[in-house]
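See below for the structure under consideration.
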Amino acid sequence: MNTAERNDQPLLLALRALKLGDLLVAVPALRGLRRAFPEHRILYAAPAWIAEALELVGGIHHLPTPGLDDPLTVPHGAVDIAVNLHGNGAESRLRIEELGANRVVAHEAPGIDGPAWTSGLPERERWTRLLNWHGIEADPLDYRLNLPAVPSSRPGATVIHVGAAYGSRLWPVDRFADVAAELAAAGHDVVLTGGASERGRAEQTAALAKLKGANLDDGLLAGRQGLAEFAATIAEARLVVSADTGAAHLASAYGRPSVVLFGPAPAEEWGPPPGPHKVLTAVELRRGDVFSADPDPALLAVSVRDVVDAVERLGT
C-alpha cells in the first residue's frame, strides 16, 4: 500500500472509520498522539471524504477506509502502533489485530491491556482517557481546529444547518423556517447549509421562510459548498443552529456560539464543551434509536420558541 511505503517513518494507525462529528470529538486524542510520537507518520483510517477535514486538524495523514467489513489496506507488520479510536466491538478489534502492530492502544478486551470501557463518558474524554491510561498525555479541551485555507463567503452570517445523516436527527423543515424567519427579522444574515442530498430541505425551508417575510434565496448554501468552504462559513459565523451533527461540532471547534438540538444521542456524551453553546432536548422522551428514519421524540419536543429563546440568551 503506497501510503505505508512512501517513506521510512514508523507508522501509527488510528482507526475511526466514522463520520465528521466522530473525527471532531477525536481531535484531542489525535493531537495527543501527534505530540507523543513526532517521529511517526500518523494515518487516520476513515472514509475517503473525510480527507479534507483532516487538513483542519494538521499533522495527520489519511487512509481511506469505508468501514469495518474488510481488512485495512496496510501490509501486515507495517504498523508500529495501532490505536483503536473506533470503539471496542469485535469488528474494530479484529481490524486492529490483523495489522500485527508492535504496540496496540485500545480498551480492555481478551488479550489486550487497557482501561475498561465505560458508558456515559463525553466522547472527547473517552479517547483522551484511553491514551492517558496507556501513558500518552492528551487533553480533552484540546479540540480547536486550524482555520480553513479558504475564507468564508458570508462572514458574520447566522448558519442554520438543516441536514443530518439520519432521520432521527431531522428537526421539521417548518420549524427551521420559523426560526430562520424570526432571526432574519431580528437582523441576522441567515444562510442555510447542508449536503447535496439536503439541498431540497434547504429549498423548502427558504420557501416557507419567504411566506413569513424572509427572503433567503441568496443564503441557500446547502449542496454548494465543499468541506473547506463549509468549515469556513462556520468558523466566521455569528451563530450556528443545528441538530447534533458535524456542523455543531465545527461550531465548538471554532468557538462560535451555537444552539444544538439533540434527539437520539445523549448530550452528556456528544454535546459541546464549555463555551457559548446551548443544548436543547427532552431527555425523558428520548427513544435513542440513532438509525431510525423518524425524528426522535426528544428532538421533536424542542419548539421554535425554545430555539429563539436560546439564541437570545446567548446574546448574539
Side-chain angles (χ1 to χ4, degrees), residues 20-21 147-148 150-165 169-263 272 275-280 295 299-300 302-316:
L20 177 61
L147 288 172
V150 298
S152 171
S153 61
R154 296 289 284 270
T158 286
V159 175
I160 297 181
H161 188 76
V162 300
R169 291 187 170 114
L170 289 177
W171 203 49
V173 164
D174 60 328
R175 300 191 200 180
F176 273 126
D178 287 346
V179 169
E182 287 211 34
L183 295 184
H188 290 248
D189 175 25
V190 176
V191 298
L192 305 176
T193 60
S197 64
E198 294 149 354
R199 175 76 182 185
R201 278 179 61 85
E203 290 174 343
Q204 291 174 43
T205 302
L208 290 172
K210 190 171 185 178
L211 294 176
K212 298 177 180 296
N215 188 348
L216 306 182
D217 290 345
D218 64 344
L220 274 169
L221 303 184
R224 290 172 40 197
Q225 295 184 307
L227 191 52
E229 290 90 356
F230 176 51
T233 301
I234 289 182
E236 298 184 50
R238 172 181 177 177
L239 167 74
V240 176
V241 177
S242 173
D244 169 33
T245 66
H249 292 293
L250 282 171
S252 296
Y254 290 117
R256 304 318 305 148
S258 66
V259 177
V260 188
L261 288 60
F262 271 80
H277 313 294
K278 298 292 183 184
V279 168
L280 301 177
L299 178 69
L300 292 179
V302 178
S303 70
V304 171
R305 191 73 260 154
D306 291 334
V307 175
V308 174
D309 287 348
V311 171
E312 291 175 355
R313 290 198 302 275
L314 284 170
T316 59

Item to complete: Output, in order, the C-alpha distance, side-chain angles, deciding distance and verdict of side-chain contact (heavy atoms from CB on, under 4.5 Å) for V162 and V173.
Response: CA-CA 7 Å; V162 300; V173 164; over 6 Å; no

Closest non-hydrogen atom pair, [X] against [Y]:
{"X": "T158", "Y": "H188", "value": "OG1-ND1, 2.6 Å"}
{"X": "L314", "Y": "S258", "value": "CD1-O, 3.6 Å"}
{"X": "A251", "Y": "H277", "value": "O-CE1, 4.1 Å"}
{"X": "P272", "Y": "S252", "value": "CB-OG, 3.4 Å"}
{"X": "A231", "Y": "L250", "value": "CA-CD1, 4.2 Å"}
{"X": "G246", "Y": "L20", "value": "CA-CD2, 4.0 Å"}

Would you say [X]'s side chain and [Y]'s backbone share a donor-acceptor pair under 3.5 angstrom?
{"X": "W171", "Y": "P295", "result": "no"}
{"X": "R199", "Y": "L220", "result": "yes"}
{"X": "E236", "Y": "S152", "result": "yes"}
{"X": "R256", "Y": "V240", "result": "no"}

Discussion item. Test side-chain contact (heavy atoms from CB on, under 4.5 Å) on V307 and V302; report intermediate values, then the result.
Written reply: CA-CA 8 Å; V307 175; V302 178; 4.0 Å; yes

Practice prompt. Please say which of H161, Q225, R154 ends up in a side chain to side chain donor-acceptor pair (under 3.5 Å) with T233.
Written response: Q225

Practice prompt. Answer yes if the ring centres of Y254 and H249 are under 6.0 angstrom apart, and no otherwise.
Written response: no

Discussion item. Taking salt bridge (Lys or Arg N to Asp or Glu O under 4.0 Å) as the definition, give me every residue that meets it alongside R201, ordered by chain and number, with sequence neighbours left out.
Written reply: none

Fill in: Listed partners of R169 passing salt bridge (Lys or Arg N to Asp or Glu O under 4.0 Å), at least two apart
D244

Nearest-0.5 Å distance that lies between atom [atom1] in [X] and atom [atom2] in [Y]:
{"X": "L183", "Y": "E312", "atom1": "CG", "atom2": "CD", "result": "9.0 Å"}
{"X": "E198", "Y": "L192", "atom1": "CD", "atom2": "CG", "result": "12.0 Å"}
{"X": "L300", "Y": "L261", "atom1": "CG", "atom2": "CG", "result": "10.5 Å"}
{"X": "T205", "Y": "I160", "atom1": "OG1", "atom2": "CD1", "result": "8.0 Å"}
{"X": "S242", "Y": "F262", "atom1": "OG", "atom2": "CZ", "result": "9.0 Å"}

Worksheet item: Do V259 and L280 come within less than 4.5 Å of each other through their side chains, counting heavy atoms only?
Response: yes

Worksheet entry | Min side-chain heavy-atom separation V179-E182 under 4.5 Å | no

Please list every donor-acceptor pair under 3.5 Å in which a side-chain atom of residues 209-216 meets a protein atom from a residue at least two apart or in another chain.
unit_1, atom_1, unit_2, atom_2, d
K212, NZ, D178, OD1, 3.3
N215, OD1, D217, N, 3.1

